[in-house]
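Heavy atoms only: backbone and side chains are in, while hydrogens, waters and symmetry mates are out. Because the structure is predicted, anything quoted here is derived from the model rather than measured. Numbering of ligands and ligand atoms starts at 1, following listing order.
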Amino acid sequence: MRLKLKTVFVLYFLVSLLGLIYALMQLGQRCDCTEHDAPKERTISRLRGELRRLRERAKKSEVAGQPQIESSPPPTIFVITPTYARLVQKAELTRLSQTFLHVPRLHWIVVEDSQTKTPLVGQLLAQSGLSYTHLHVATARERKLQEGDPSWLKPRGVEQRNEGLRWLREDRGAPGDRRGGQSGVVYFADDDNTYSLRLFEEMRSTRRVSVWPVGLVGGMKYEKPVVEGGKVVRFHVGWRPGRPFPLDMAGFAVSLELLLANPDSRFDGDAPTGFLESSLLQGLVTADQLEPKADNCSKVLVWHTRTEKPKMKREDALQAQGLGSDPAVEV
Ligand code: UGA
Ligand code: MN
């Protein structure tokens, strides 16, 4: 009985030892893992293939020298802005310039209503980071609104916009000098309006004259061309809808080519109130040729905002006591 027990013990020991040795041997062995790795391998080889194809394509376009789509560059937008010295001028121009910084291929033509170019505008432009041209022309005294005149009495910014057109025709209009076939679109942007960035991409495809709604203008929520079947058929305006082009200055853009092809077209400062825009457009297009933008003129992307004239009551009172604000601080 004692012996038997010993044998059983030894046998038990031997079997456990064998089991342990077997287990240890298995640990060192590589498992047959092909099944686990298959999806990973497939992904790696797919990515390798893609990389190879991309490398080949990159090489091909390098050999071709240039991008595959050989199209002319998108037109430059020439924005003509009349501006005049007043307390809010720097604020208006700062806001405007920072909007334009977000617009690719834009050239800003700023035309001061003054005898000379002012340092305020000059420095603002130089520091703006924009591509620009700085011009000036003073509105004749008898043509300028006087203190107390109603704003509709005389048109504003007329000679300045015409000066912008003159510069465009001189600088961009010389035969043979079309800057490598560069096309352009001209837009008249007053310094106090509010412009959505979307507006500029809408107008960039102008072929002759493009049009869109303008918000908060003419005593209405908006004025707009009415579009039917893709054509402008009439205008939603509150005042004299019978004008040839009842559009606000902010509501249209003209192709540079069209302006260059009609060298005499310009704004007529003697046109009756409300006919300024018509005086330019009449010689350029007919109403049925207008190109509606902004989703068939259903979206407002520009607002005819007007900045309140700041009151200087306290400034004047302090100045009378010799305590006025430092004139060296540019506002
Ligand atoms: C409205 C239209 O939106 C203008 O496009 C149009 O020129 C004007 O009426 C008009 O009747 O002539 P409104 O807001 O009344 O605009 O005019 P402003 O914003 O005071 O002036 C239009 C532009 O001309 C501005 O860029 C302004 O800076 C400039 N301006 C104004 C001058 O260059 N000189 C001035 O003496 C006054
Ligand atoms: Mn205005």
Can you tell me which residue and heavy atom of the protein come closest to [atom], and the distance to 0.1 Å?
{"atom": "atom 33 (O) of ligand 1", "answer": "D113 CB, 3.5 Å"}
{"atom": "atom 25 (C) of ligand 1", "answer": "D191 OD1, 3.5 Å"}
{"atom": "atom 26 (O) of ligand 1", "answer": "P82 O, 2.7 Å"}
{"atom": "atom 30 (N) of ligand 1", "answer": "Y84 CD2, 3.4 Å"}
{"atom": "atom 12 (O) of ligand 1", "answer": "R156 N, 2.5 Å"}
{"atom": "atom 1 (C) of ligand 1", "answer": "H304 NE2, 3.6 Å"}
{"atom": "atom 5 (O) of ligand 1", "answer": "D190 OD2, 2.8 Å"}

#### Entry: In the protein, N/O/S atoms that are found under 2.8 Å from the Mn ion (ligand 2), waters not counted
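Short answer, with waters excluded from the count: D192 OD1, D192 OD2.
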
### Message
As a check for students: among V137, D192, T81, L145, identify the option with a heavy atom nearest to atom 19 (O) of ligand 1.
### Response
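Going through V137, D192, T81, L145 one by one, D192 has the nearest heavy atom to atom 19 (O) of ligand 1.
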
### Message
Please compare R143, M249, K144 and report which has the shortest non-hydrogen distance to atom 36 (O) of ligand 1.
### Response
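Going through R143, M249, K144 one by one, K144 has the nearest heavy atom to atom 36 (O) of ligand 1.
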
Considering only NZ, NE, NH1 and NH2 on the basic side and carboxylate oxygens on the acidic side, decide whether [X] and [Y] come within less than 4.0 Å.
{"X": "R204", "Y": "E201", "answer": "yes"}
{"X": "D191", "Y": "R86", "answer": "yes"}
{"X": "D149", "Y": "K144", "answer": "no"}
{"X": "K309", "Y": "E147", "answer": "yes"}
{"X": "K224", "Y": "D248", "answer": "no"}

### Closest heavy-atom pair and its distance - S205, E291
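For S205 versus E291, the nearest heavy atoms are O-OE1, 4.2 Å.
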
### Message
Any atom of ligand 1 sitting under 4.0 Å from a heavy atom of E92?
### Response
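Flag not set, E92 not near ligand 1.
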
### Query
Is there a heavy atom in D248 that sits closer than 4.0 Å to ligand 1?
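Distance cut 4.0 Å: D248 passes for ligand 1.
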
Ring center gap for [X] and [Y] short of 6.0 angstrom:
{"X": "Y222", "Y": "H236", "answer": "yes"}
{"X": "F267", "Y": "F188", "answer": "yes"}
{"X": "H136", "Y": "W167", "answer": "no"}
{"X": "F100", "Y": "F200", "answer": "yes"}

### Task
Kindly check if the number of other-residue, nucleotide or ligand heavy atoms within 6.0 Å of CZ (R243) is above 12?
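For R243, atom CZ is crowded (more than 12 foreign heavy atoms under 6.0 Å).
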
### Message
Would the distance check show the side chain of Q89 and the main-chain N or O of T83 forming a donor-acceptor pair, the cut-off being under 3.5 Å?
### Response
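Pair absent, no side-chain N/O of Q89 close to backbone of T83.
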
### Task
For ligand 1, indicate whether the residue R161 contacts it via side chain, backbone, both or neither (heavy-atom separation under 4.0 Å).
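The part of R161 near ligand 1 is the side chain, not the backbone.
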
### Query
Is there any N or O on K154 that sits under 3.5 Å from an N or O of ligand 1?
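In this structure, K154 places no N or O atom under 3.5 Å from an N or O of ligand 1.
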
